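Chain letters run A, B, ... following the sequence lines, proteins first and then strands; every chain starts at 1. From a predicted model like this one, the values you see are computed outputs, not experimental measurements.
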Amino acid sequence: MASFQEKVLLIVSRIKKGQVLTYKQVAQLAGNPNAFRAVGNILSKNYNPKIPCHRVIRSDGAIGGYNRGEKKKIFLLKKEKAI
DNA sequence: CATTTGACGCCAA
DNA sequence: TTTGGCGCCAAAT
């Protein structure tokens with residue numbers, strides 16, 4: 001069985017272009033609807049470019065953060081019309 | 001086992 | 001609408 005972080009990474013990697021999920025949604029898909037905290041923590045430590053972590057945002061619509069610059073994340077989201 | 005950290009979520013004021 | 005405060009969980013120490 002994959003670790004919680006492996007599930008999260010897999011789910012995030014499956015996000016298609018133009019699609020966006022919230023940390024809570026990712027946590028729910030990972031099996032723990034209340035582990036949204038851990039989700040953010042995992043993504044922050046993950047520097048794998050294969051993971052479109054910029055497609056994961058907060059429930060409020062805020063970007064949250066990005067390991068390569070929040071501006072980049074905002075730009076990508078606006079460009080893809082994911083938000 | 002106890003604490004700390006962190007890209008969160010929700011509610012009250 | 002904006003803050004502050006509390007609760008939540010996984011991994012690291």
Dump the pairs, protein N or O against N or O of nucleotides 9-13 of chain B, anything under 3.5 Å, distances to one decimal.
unit_1	atom_1	unit_2	atom_2	d
dG9(B)	OP1	Ser59(A)	N	3.1
dG9(B)	OP1	Ser59(A)	OG	2.6
dG9(B)	OP2	Ser59(A)	N	3.1
dG9(B)	O3'	Lys24(A)	NZ	3.3
dC10(B)	OP1	Lys24(A)	NZ	2.2

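Put simply, the side chain of Lys24(A) never gets that close to the backbone of Pro33(A): no donor and acceptor are under 3.5 Å apart.
Rounded to a whole Å, the CG atom of Leu43(A) is 15 Å from the P atom of dG6(B). Lys73(A) has its NZ atom 11 Å from the P atom of dA7(B), to the nearest Å. Whole-Å rounding puts the Ile42(A) CD1 to dA12(C) P distance at 10 Å.
Within the 4.0 angstrom heavy-atom criterion, base atoms lie near Gly65(A). At a threshold of 4.0 angstrom between heavy atoms, the contacts of Ala38(A) include nucleobase atoms, whether or not backbone atoms are also involved.
At least one side-chain heavy atom of Leu9(A) sits less than 4.5 Å from a side-chain heavy atom of Leu43(A).
Residues from residues 1-10 of chain A that place a heavy atom under 4.0 Å from any atom of DNA chain B: there are none.
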Decide yes or no on side-chain contact (heavy atoms from CB on, under 4.5 Å) for Lys7(A) and Met1(A), but give the supporting numbers first.
-> CA-CA 9 Å; Lys7(A) 298 188 212 171; Met1(A) 190 54 182; 3.4 Å; yes

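Within the structure, every side-chain polar atom (N or O) of Asn41(A) is placed at least 4.0 Å from both OP1 and OP2 of dC9(C).
Listed by first and then second residue, the side chain to side chain donor-acceptor pair (under 3.5 Å) pairs involving residues 57-70 of chain A are Arg58(A)-Asp60(A) (not counting sequence neighbours).
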